[in-house]
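Shown next, in structure tokens, is the structure this report addresses.
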Amino acid sequence: ELPESWADMQEPLLEGMCFTLKYLGMTLVEKPKGEDMAAAAIPSIVATARVGARKFQKVILTVSPRGISLQDADTKEMVENVSIYRISYCTTDKLQNKVFAYVAQSQESGALECHAFLSPKKKIAQAVTLTVAQAFQMALDLWEATHAGR
């Protein structure tokens with residue numbers, strides 16, 4: 001359960017807020033952001049994920065002003081670290097409201113990738129989305145504070 005005032009709590013976010021989710025997969029997208037782009041990409045990822053009978057990788061997704069890091073929940077191995085500056089969009093899917101997704105530019109190829117995750121409850125998917133938004137704001141505030149004197 002999230003406390004009512006969780007949106008005002010900045011300390012935990014600086015360290016990183018953790019969420020345990022199931023990784024559904026990734027697809028390439030044309031645009032860095034937008035409802036219509038997400039509305040097309042997410043069902044495609046979900047459909048592909050449903051076809052494969054494999055178990056979904058359980059990951060610990062950590063959100064901080066530095067970005068999003070993904071760690072395998074079982075092996076504790078680092079899967080990916082995405083800088084906040086490479087993330088262009090995040091959302092909770094309107095139709096499948098337990099699905100959280102974000103779009104980021106690949107460090108290797110420069111392509112725009114939409115990554116989708118399944119959360120146990122819609123409230124958790126919404127919390128991840130709000131936490132990422134809060135992390136963007138904090139990163140911006142920190143950036144502005146360090147560049148204010150120049």
Side-chain angles (χ1 to χ4, degrees), residues 6-7 9-10 12-52 54-120 122-148 150:
W6 79 277
M9 303 181 338
Q10 290 201 335
L13 187 55
L14 281 170
E15 298 304 310
M17 297 278 283
C18 298
F19 301 92
T20 303
L21 306 170
K22 290 180 179 163
Y23 184 61
L24 294 176
M26 180 275 287
T27 188
L28 296 176
V29 291
E30 299 289 316
K31 295 187 288 190
K33 58 182 180 259
E35 278 305 303
D36 49 339
M37 171 277 303
I42 296 169
S44 147
I45 294 171
V46 171
T48 306
R50 283 205 179 119
V51 171
R54 61 172 174 53
K55 276 182 72 187
F56 298 120
Q57 181 182 20
K58 207 173 183 185
V59 293
I60 297 167
L61 183 141
T62 306
V63 180
S64 77
R66 289 180 297 286
I68 292 176
S69 71
L70 298 173
Q71 190 182 30
D72 186 291
D74 300 323
T75 66
K76 303 295 180 221
E77 200 176 308
M78 187 55 72
V79 178
E80 190 169 17
N81 224 334
V82 186
S83 163
I84 195 101
Y85 299 108
R86 289 190 323 172
I87 300 167
S88 59
Y89 189 72
C90 76
T91 187
T92 304
D93 191 55
K94 289 206 177 344
L95 299 172
Q96 309 193 45
N97 57 20
K98 289 183 183 177
V99 175
F100 159 77
Y102 71 83
V103 175
Q105 188 173 26
S106 164
Q107 209 163 3
E108 292 79 45
S109 67
L112 293 170
E113 302 173 343
C114 180
H115 295 265
F117 302 83
L118 181 64
S119 71
K122 94 174 182 192
K123 258 190 137 91
I124 293 172
Q126 292 168 340
V128 180
T129 305
L130 290 169
T131 305
V132 173
Q134 198 183 355
F136 271 123
Q137 190 55 55
M138 282 183 75
L140 177 64
D141 294 348
L142 292 166
W143 185 85
E144 286 175 343
T146 56
H147 292 77
R150 295 184 185 166

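Hydrogens, waters and symmetry mates play no part in the numbers below; they use all other heavy atoms, side chains included.
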Output for pair (Thr129 OG1, Ile124 CD1), nearest 0.5 Å, gives 12.0 Å
- prompt: Between Thr92 and Ala125, is there a donor-acceptor pair closer than 3.5 Å when you use the side chain of the first and the backbone of the second?
  reply: yes
(Q) With a 4.5 Å cut-off on side-chain heavy atoms, are Arg66 and Ser83 touching? (A) no
Below 4.5 Å, heavy atoms only, C-beta onward: do Phe19 and Thr131 meet side chain to side chain?
-> yes
Before you tell me yes or no, could you show the steps for Gln71 and Glu77 under side-chain contact (heavy atoms from CB on, under 4.5 Å), namely the whole-Å CA-CA distance, both residues' side-chain angles and the distance that decides it to 0.1 Å?
CA-CA 6 Å; Gln71 190 182 30; Glu77 200 176 308; over 6 Å; no
Residues Lys122 and Lys98: closest non-hydrogen pair is N-CG, 3.8 Å
From the list Leu61, Thr91, Leu24, side chain to side chain contact (heavy atoms under 4.5 Å, CB included) partner of Phe100 resolves to Leu61
Fill in: Steps toward side-chain contact (heavy atoms from CB on, under 4.5 Å) verdict (Phe117, Val99)
CA-CA 6 Å; Phe117 302 83; Val99 175; over 6 Å; no
Residues Ala135 and Ser64: closest non-hydrogen pair is CB-O, 3.5 Å
Closest non-hydrogen contact found for Cys114 with Ala101 is SG-CB, 4.1 Å
Nearest heavy-atom approach of Ser69 to Met78 is CB-SD, 4.2 Å
- Query: Run the side-chain contact (heavy atoms from CB on, under 4.5 Å) check on Ile60 and Leu21 step by step: do they pass?
  - Reply: CA-CA 6 Å; Ile60 297 167; Leu21 306 170; over 6 Å; no
For residues 32-48, tabulate all N or O donor-acceptor pairs below 3.5 Å that involve a side-chain atom, not counting sequence neighbours.
| residue | atom | partner | partner atom | Å |
| --- | --- | --- | --- | --- |
| Glu35 | OE1 | Lys94 | NZ | 3.4 |
| Glu35 | OE2 | Tyr89 | OH | 3.0 |
| Asp36 | OD2 | Lys31 | NZ | 3.0 |
| Thr48 | OG1 | Ser44 | O | 2.8 |

Nearest heavy-atom contact between Cys18 and Thr62 is SG-OG1, 3.4 Å
Note: Lys58 and Thr20 closest approach over all heavy atoms is CE-CG2, 3.7 Å
One should read off an interatomic distance between Ile68 CD1 and Arg86 CZ, to the nearest 0.5 angstrom, of 10.5 Å
Hits for side chain to side chain donor-acceptor pair (under 3.5 Å) against Gln105, two or more places apart or cross-chain, chain-then-number order -> none
Practice task
Check the pair Ile87, Val82 against side-chain contact (heavy atoms from CB on, under 4.5 Å), reporting the backbone distance first and the verdict last.
Solution key: CA-CA 7 Å; Ile87 300 167; Val82 186; 3.7 Å; yes
So OG of Ser119 and NZ of Lys123: to nearest 0.5 Å the spacing works out to 12.0 Å
Please check if the side chain of Glu80 supplies one atom and the backbone of Leu70 the other of a donor-acceptor pair under 3.5 Å.
no
Task: Pairwise side-chain contact, Leu118 with Tyr23, heavy-atom cut-off 4.5 Å (strictly under) - done: no
Heavy atoms, side chains only, cut-off 4.5 Å: are Asp72 and Gln57 in contact? yes
Original post:
Is any side-chain heavy atom of Tyr102 closer than 4.5 Å to a side-chain heavy atom of Val132?
Top reply: no
Within-4.5 Å side-chain heavy-atom neighbours: Tyr85 and Trp143: yes
